[in-house]
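Notes to accompany the following structure.
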Protein chains: 2
Amino acid sequence: MIRKAAAIATTPAPPNGATLMNVAKAASVSLATASRVFSNPELVRQDTAERVLRAAGELGFRPNLLGAKLRAQRTRIIGVMLPTMENAVFAECWRGIEEAALAQGYSLMLVTSRYDPQRERERIEYLLRHRVDGMVLTVADAARSAVLDQLDAERVPYVLAYNQGPRSGKRYSVSVDNRASARAGVETLIAAGHRRICVVSGAFAASDRARQRHAGYRDAMRAHGLEPLPPLSLPAHTPTQTPAEVERIRQFVTAPSAPTALFCTNDMLAIGVISVLKRLGLSVPGDMSVLGYDGIELGQLLERPLSTVVQPNNEIGARALACLLAQLDSGNAGAGPDQGLTRATLLPHALRAGATVAPPA
Amino acid sequence: MIRKAAAIATTPAPPNGATLMNVAKAASVSLATASRVFSNPELVRQDTAERVLRAAGELGFRPNLLGAKLRAQRTRIIGVMLPTMENAVFAECWRGIEEAALAQGYSLMLVTSRYDPQRERERIEYLLRHRVDGMVLTVADAARSAVLDQLDAERVPYVLAYNQGPRSGKRYSVSVDNRASARAGVETLIAAGHRRICVVSGAFAASDRARQRHAGYRDAMRAHGLEPLPPLSLPAHTPTQTPAEVERIRQFVTAPSAPTALFCTNDMLAIGVISVLKRLGLSVPGDMSVLGYDGIELGQLLERPLSTVVQPNNEIGARALACLLAQLDSGNAGAGPDQGLTRATLLPHALRAGATVAPPA
DNA sequence: CTGAAAGCGCTAACAC
DNA sequence: GTGTTAGCGCTTTCAG
């Protein structure tokens, strides 16, 4: 008895007396019945349910998902890791993920990695401690990612977004065909009459997509008998208009045999580059054509709409989540046998003709 | 015995045998000691701790935060509700929040409301069920928000971001002085020689900031003996360049006594408006000056850098979180007495001269 | 259709 | 310093 009293006293002063247990008491039913009213209503008689519901309403009952999750050993929380929200492409993807999650009754926990593998590890560990049921991830480099290997080893379900898995790999991924779409984009440049075309990218090491898109560029060039030119590799994937960066761009575009068209591996970069060119006294597309990649909405809102390779960003997010939930529903336990199906979902890309590409002068 | 066996069998097949309990066994210590090694290491002897740590390492132990949270009655999760991530201003704010949270060991749960009060209610209820310790919120209209009233009633700690609380209100908020900063912005327009200045905004009903900024506009106009003009109120806070919207803008800017300068209540809107003007054959700032509000980074990266009123977005997020944690640490229980301090933190704004404002023709 | 009871993994008194 | 123990709030057999 004393023990009991002590135990009660130590209880952190019920911040919320509205527990299921109290609801049950108020409705004169057992805890089990009260629980069922919320999780399996069909198992309880109409009027009993109503009584419980009324009691819940009066007490202002709000289910504590923590208890439920702990017991159920599944949280219905999905971890999402994206490089940054400040690049609209990921904000658009997030929207797709969030809508899909909402529709399916899942919650999300978002972390950003800033394209930093070290930080990727830490943030994912964090998600793991929260016992997320699975994750939607965009990593710097899927092919050599220690953290992905770890996730595989621990059998944590995840789906890559934007990172494109190999055609017959074991990893799930949702993306466009980076290489083919980049090639298609560059081909529009070639079709416009450009011969000297260069890639502008953030650090290739920090983005497998950038590398794949670069490969697509090479495909296009070679297919048309053109010599791939060395790329302009900038430090970041989002533009910083530091003097150093501006100077690098200046040197690049004013060299003796400067390119007549630039293929930027993402739209933000393209936007930044266009502005730098302008500042350098070059007109776009008069003196230099610029093609982006991503298809962010913003591109269409600009004074000079951005010509770009469009990815269905919302859909990439939504499909990635759907793919993850499908995994969760099915062979969650014990990883179903490989059905020989490709696990890399490729969504169609499109080309958006803006006003930043024209025939060379 | 039978019971016991049954109970074990029903356990959802340990997806993770690496529990604290098992670590404790492996290290031949009690559960309590093992727990202390992680939460209060100073309470346990060096070598004991090492043994536990080693065992944990071998078993691949990862603390299950769910159990800890349930027991501790605090989750160390902060709920964040922002209107949308697709407006960079909120993406920048998120960054500030995330960095601050990371530094303090808090996790975040992000939801977006799309400027929709109904959705605000639902999403917040969601956060509440997850037992977040507190929230950082940007709501459509803080002054008449049912959900905020509810949060007050339930004594859920929260801090508003962007929504500006009244000088001596009871609510915590972190923002700039919307009215004063807007006034300062419009005054730069007046200083440039403009007399006919109009506000362009998304639906005022859906944003108290838009209304406050509009009030600042009126202040500026009146202070300079100018007649406030009727605003152009667009349906959304982010631009959609639908034919209908373009047409509305056209009528507005080609009317007999059309304005010579436009003050847009946010940067995204300004960017969209500039592009529409261009399409309508008007040059900015030649035929029309445009001033934005928000100071998103993107504004500086544009071909024609956006003139705008700058808010410290990262800092708004970081400070809002800090303010929330301060609340949590102190009078979490029982809402400390009103210290007469203003709970509305006002951060300094700035004016950024871009290239979209010039003297009227 | 309803109830009793056994925990999910962890923390925090309290006792030793 | 360390162990014992009683739950946090909920779900889910198993038994009526």
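Letters A, B, ... mirror the listed sequences (proteins, then strands); counts begin at 1. For clarity, every value in this text was computed on a predicted model and none was experimentally measured. Every heavy atom of this structure was used, including side-chain atoms; hydrogens, water molecules and symmetry mates were not.
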Distance in angstrom units between B:Asn64 CG and C:dT11 P, rounded: 10 Å
Is the phosphate of C:dG7 approached by A:Gln73 (side-chain N or O, under 4.0 Å from OP1 or OP2)? no
Residue pairs involving residues 28-47 of chain A (criterion ring-ring contact (aromatic ring centres under 6.0 Å, His included); sequence neighbours excluded): A:Phe38-A:Phe61
What is the distance, rounded to the nearest whole Å, between atom CE of B:Met21 and atom P of D:dT4? 11 Å
At how many degrees, to 10°, do the end axes of the helix from C:dC1-D:dG16 to C:dC16-D:dG1 meet when each uses five pairs? 30°
If each of B:Gly67 and B:Ser28 is mapped to the nucleotide of DNA chain D with the nearest heavy atom, which maps nearer the 5' terminus, i.e. the 5' end? B:Ser28
Using atom CZ of A:Arg129 as one end and atom C1' of C:dC10 as the other, report the distance to the nearest whole Å. 14 Å
Sequence neighbours left out, what passes salt bridge (charged side-chain N to carboxylate O under 4.0 Å, His left out) with A:Arg54? Give chain and number order. none
Could you tell me whether the side chains of B:Arg76 and B:Gln104 share a donor-acceptor contact shorter than 3.5 Å? no
A:Leu20 has a side chain; which of C:dA12, D:dT4, D:dC10 sits nearest to it? D:dC10
Between CG of B:Leu31 and C1' of D:dA6 the distance, given in whole Å, is 12 Å
Would you mind reading off the distance between B:Arg76 atom CZ and C:dT11 atom P, rounded to a whole angstrom? 12 Å
Residues in side-chain contact (heavy atoms from CB on, under 4.5 Å) with B:Ala100, at least two apart? B:Ala318, B:Leu321
Show me the pairs that pass salt bridge (charged side-chain N to carboxylate O under 4.0 Å, His left out) and involve residues 29-39 of chain B, at least two apart or across chains. none
Mind calculating the distance between NE2 (A:His130) and C1' (C:dG9) to the nearest angstrom? 15 Å
To the nearest Å, how far apart are B:Lys25 NZ and D:dT2 P? 20 Å
Regarding the side chain of A:Leu70, the nearest nucleotide among C:dC8, C:dG3, C:dT11 is C:dC8
Note: contacts of residues 32-49 of chain B with DNA chain C (heavy atom, under 4.0 Å) are B:Ala32, B:Ser35, B:Arg36
By side-chain contact (heavy atoms from CB on, under 4.5 Å), B:Glu122 pairs with (sequence neighbours left out) B:Gln118
Which nucleotide, D:dT12, C:dT11, C:dA4, lies nearest any side-chain atom of A:Ser30? C:dA4
For A:Glu50, what residues pass the salt bridge (charged side-chain N to carboxylate O under 4.0 Å, His left out) criterion, not counting sequence neighbours? none
With side-chain contact (heavy atoms from CB on, under 4.5 Å) as the test, pick out the partner of A:Ile78 among A:Ile97, A:Leu325, A:Val132. A:Leu325
Interatomic distance, B:Glu50 CD vs D:dT2 P [rounded to whole Å]: 12 Å
With sequence neighbours excluded, residues passing salt bridge (charged side-chain N to carboxylate O under 4.0 Å, His left out) with A:Arg95: B:Glu86
